[in-house]
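Only one structure is covered here, and it is reproduced in the block below.
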2 protein chains.
Amino acid sequence: MVTIKDIAQMANVSRSTVSRVLNNSGYVSEDARERVEKVIEETGYVPSEYAKSLRTKKTKVIGVILPTIQTETPSRIVTGLGKELEKHGYQILLTNTNLDKDKELEYLDLLKMRQVDGIILIATNTEPKLIKKIKQVDIPVVIVGQESEEAMCVSYDDYHAARELTSFLISKGHVKIAFIGVNETDHAVGYLRKKGFFDEMESRLLPVEKDWIQQGIFDIDSGHASMERIITDSQHQPTATIAVTDRLAIGAMSYLKKQGIQIPEAMAIAGIGASEMSQYIDPPLTTIDYQNEKAGTEAAKQILARIYSQKIQEKIILDYRLIIRNSV
Amino acid sequence: MVTIKDIAQMANVSRSTVSRVLNNSGYVSEDARERVEKVIEETGYVPSEYAKSLRTKKTKVIGVILPTIQTETPSRIVTGLGKELEKHGYQILLTNTNLDKDKELEYLDLLKMRQVDGIILIATNTEPKLIKKIKQVDIPVVIVGQESEEAMCVSYDDYHAARELTSFLISKGHVKIAFIGVNETDHAVGYLRKKGFFDEMESRLLPVEKDWIQQGIFDIDSGHASMERIITDSQHQPTATIAVTDRLAIGAMSYLKKQGIQIPEAMAIAGIGASEMSQYIDPPLTTIDYQNEKAGTEAAKQILARIYSQKIQEKIILDYRLIIRNSV
DNA sequence: CTGTTAGCGCGTTCAA
DNA sequence: TTGAACGCGCTAACAG
């Protein structure tokens, strides 16, 4: 391995001089600079970021913790993060919990050990022990996708999005609306979206039957199963269904099609997330676009601002957009 | 920041002793060990991986270069990589080219600078300058998804997969078969799958009209556009179409549906990749499963074996599986 | 069993 | 304009 020392010897200067041309700092004669650059060119020398980090205490690495990389939301966020971080010479150290909550805590420690300059946590919950750990690691952390009063965060307006979606269905004449949600420990997706739905229904004085409310997990099959329960268990058949993710909605649609239930005539359906498939499925799915990639770039900007200790806004709530398609 | 030195002082031992208990190496008295462990516990000290790496020349980080994180194939591979690497205490440094080929070269350099122990390249081409760069960086590199004689690789049997898929359509009675491919600089997806198709057609003495062969890019819309050209331009209408990816196939299906062309009666269709959507689209798509996650774990095993300089198999070609569904 | 010593590759004073 | 010297936090001989 070729080091700064080798370059110095070959160019007949001291290591300091090499360091100066490398970092463009201090004075260095044109003559010396040229010799050094020539040698660097010839040897293909690349300075060790590790050694540099040891001195500068900056690694230029941002740790990212995500629940899974196999769904569109986190993928888009990471894409956004990557684009923004790259501009500033930062790299991403990726950790994947595969939906194991304990690993969120574990990786927080691990990333600290790796001396990352900051951490982006694509969160699925905001439980106290997680918040506590975040404070404890003593590294800038930005939470994406969940709102929190106690940490920096970039999140979506889940409550109003769900509410507006519900309102839209009502405006289309639906009064019996079913709802497929997820566990409420996921505050954003599980709790807020559900609350938005219920509040809107209540404000319109529309009753909601118990069997209309189903809970799935984050996959297509559970959307299928949820819709099956809605259809078979309900006293009064609803005429529309809101699912908190597009995947759940797509699963629900696949059950309806299998049963020969017409969409949207016999059952309207809407999702949230603007997945790519939502526009190609038949019929195209009404959904809500959250601009996940933008959430990623925003989170990146936040963490960088924090690292360079600029004044920052602690809490960002992004806008959403209702996409109306033929499933309703 | 608390360092090994602080721990040593507080525990009244030398830094070496602390290092010994940290790494469980050499002898250390029970008494000393307990004191050290107690202090570590109290201070919440975590050793700096950076400083360690500087000495050991091992970073326990694997660089990953991928073309995009927004499609299922790379996501699954990364999931597989992550699972295997984690078992061995390795982390992933992620770089995303967003399909910009120049960045593949750039990131190879960057990862070298970061002193990663190995690099996994999820490749979209095997151009000479890429291979040259790989040799030049002098770090173990494993290519995933493309076959190469000159570098370690984990790839799929694209040729036989395409051939078998073609053979299957023929066995279903189709003789006029269209093909939606991609640019052949992508040797695996563009060249080999196409060759498999043509060779099988030829061996069955089935002619292929020029307009049956279309080229798209890696997205759904271009599958739609390709099918439109097939339908509108062809002299003789084909009765089946093979698309080299599921996304292309799904795009093609969306065009057919829009035109009211029945699948599979008027046009059978098959894809490759076993995307999640392939089983939920209507009708469910016949496709080929490549076990991408396994490709990831295999690649991880390869790179680790190489790092620990065990004897390794340079080239791994994974098996595939034909999934027959109603689109044919 | 333990401490001393000597770097790993680099950036940064401080003199010269 | 340059180089010597020091230290970042850690591991690895080598003595003791």
Side-chain angles (χ1 to χ4, degrees), chain A residues 1-37 39-40 43-61 89 109-117 138-139, chain B residues 1-37 39-40 43-61 89 109-117 138-139:
Chain A
M1 181 183 182
V2 35
T3 74
I4 198 173
K5 199 170 142 198
D6 304 319
I7 304 297
Q9 283 171 355
M10 297 173 69
N12 232 312
V13 294
S14 74
R15 288 170 7 207
S16 326
T17 304
V18 178
S19 176
R20 286 190 191 99
V21 349
L22 246 28
N23 299 291
N24 248 318
S25 61
Y27 299 107
V28 42
S29 65
E30 198 48 41
D31 184 44
R33 155 164 281 119
E34 272 170 18
R35 288 210 308 282
V36 170
E37 282 171 348
V39 175
I40 290 179
T43 55
Y45 162 74
V46 279
S48 158
E49 284 290 331
Y50 271 72
K52 189 189 289 190
S53 299
L54 192 56
R55 284 264 356 184
T56 62
K57 303 288 178 201
K58 290 243 170 271
T59 57
K60 293 227 146 198
V61 172
D109 268 335
L110 186 144
L111 290 173
K112 173 173 188 167
M113 216 157 81
R114 294 276 184 189
Q115 320 281 139
V116 296
D117 292 344
D138 194 32
I139 294 177
Chain B
M1 183 183 183
V2 34
T3 76
I4 196 174
K5 198 172 143 196
D6 303 321
I7 305 297
Q9 282 172 355
M10 296 172 71
N12 232 312
V13 293
S14 75
R15 287 167 3 200
S16 331
T17 303
V18 178
S19 177
R20 286 192 190 98
V21 348
L22 247 27
N23 299 292
N24 248 319
S25 61
Y27 298 106
V28 42
S29 65
E30 199 48 41
D31 184 42
R33 154 164 281 120
E34 272 171 16
R35 288 209 309 281
V36 171
E37 281 170 347
V39 175
I40 290 180
T43 57
Y45 162 74
V46 279
S48 159
E49 283 290 331
Y50 271 72
K52 187 190 289 191
S53 299
L54 191 58
R55 284 273 345 188
T56 60
K57 304 287 177 201
K58 291 242 168 274
T59 56
K60 291 230 150 196
V61 172
D109 269 334
L110 187 145
L111 292 173
K112 174 173 187 165
M113 214 159 82
R114 294 275 182 191
Q115 320 281 138
V116 296
D117 291 346
D138 193 35
I139 295 176

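To find a chain, count down the sequence lines: A is the first, B the second, and so on, and within it residues start at 1.
C:dG9 atom P lies 18 Å from atom CZ of B:R114, rounded to whole Å. When the P atom of D:dG3 is taken as reference, atom CD1 of A:I7 falls 15 Å away, rounded to whole Å. Atom CD of A:E30 and atom P of D:dT1 are 10 Å apart (whole Å). The interatomic distance linking A:K58 (NZ) with C:dG9 (P) rounds to 24 Å, in whole Å. Separating the CG atom of B:D31 from the C1' atom of C:dT2 is a distance of 12 Å, rounded to the nearest angstrom. Note: NZ (A:K60) to P (C:dC10) measures 17 Å, nearest angstrom.
Between B:K60 and B:D117, the shortest heavy-atom contact is N-OD2, 2.7 Å.
A 4.5 Å side-chain heavy-atom check between A:T59 and B:Y50 finds at least one atom pair inside the cut-off. Side-chain contact between B:E49 and B:V61 is absent, with no heavy-atom pair separated by less than 4.5 Å. Between A:R33 and A:N24 there is a side-chain heavy-atom pair separated by less than 4.5 Å.
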Filtered N/O pairs between nucleotides 7-11 of chain D and protein, under 3.5 Å:
{"unit_1": "D:dG7", "atom_1": "N2", "unit_2": "A:R55", "atom_2": "NE", "d": "3.3"}
{"unit_1": "D:dG7", "atom_1": "N2", "unit_2": "A:R55", "atom_2": "NH1", "d": "2.7"}
{"unit_1": "D:dG7", "atom_1": "N3", "unit_2": "A:R55", "atom_2": "NH1", "d": "3.4"}
{"unit_1": "D:dC8", "atom_1": "O3'", "unit_2": "A:K57", "atom_2": "NZ", "d": "2.7"}
{"unit_1": "D:dG9", "atom_1": "OP1", "unit_2": "A:K57", "atom_2": "NZ", "d": "2.9"}
{"unit_1": "D:dG9", "atom_1": "N2", "unit_2": "B:A51", "atom_2": "O", "d": "3.4"}
{"unit_1": "D:dC10", "atom_1": "OP1", "unit_2": "B:Y45", "atom_2": "OH", "d": "2.5"}
{"unit_1": "D:dC10", "atom_1": "OP1", "unit_2": "B:S48", "atom_2": "N", "d": "3.0"}
{"unit_1": "D:dC10", "atom_1": "OP2", "unit_2": "B:I4", "atom_2": "N", "d": "2.3"}
{"unit_1": "D:dC10", "atom_1": "OP2", "unit_2": "B:Y45", "atom_2": "OH", "d": "3.3"}
{"unit_1": "D:dC10", "atom_1": "N4", "unit_2": "B:R15", "atom_2": "NH2", "d": "2.7"}
{"unit_1": "D:dT11", "atom_1": "OP1", "unit_2": "B:N23", "atom_2": "OD1", "d": "3.4"}
{"unit_1": "D:dT11", "atom_1": "OP1", "unit_2": "B:N23", "atom_2": "ND2", "d": "3.1"}
{"unit_1": "D:dT11", "atom_1": "OP2", "unit_2": "B:S19", "atom_2": "OG", "d": "2.9"}
{"unit_1": "D:dT11", "atom_1": "O2", "unit_2": "B:R55", "atom_2": "NE", "d": "3.3"}
{"unit_1": "D:dT11", "atom_1": "O2", "unit_2": "B:R55", "atom_2": "NH1", "d": "2.7"}
{"unit_1": "D:dT11", "atom_1": "O2", "unit_2": "B:R55", "atom_2": "NH2", "d": "3.4"}
{"unit_1": "D:dT11", "atom_1": "O4", "unit_2": "B:R15", "atom_2": "NH2", "d": "3.1"}

Could you give me the CA-CA distance, side-chain angles and deciding distance for A:L111 and A:I139, then say whether side-chain contact (heavy atoms from CB on, under 4.5 Å) is met? CA-CA 9 Å; A:L111 290 173; A:I139 294 177; 5.9 Å; no

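Side-chain N or O atoms of B:S19 include none that pairs as donor or acceptor with a backbone N or O of B:R15 at under 3.5 Å.
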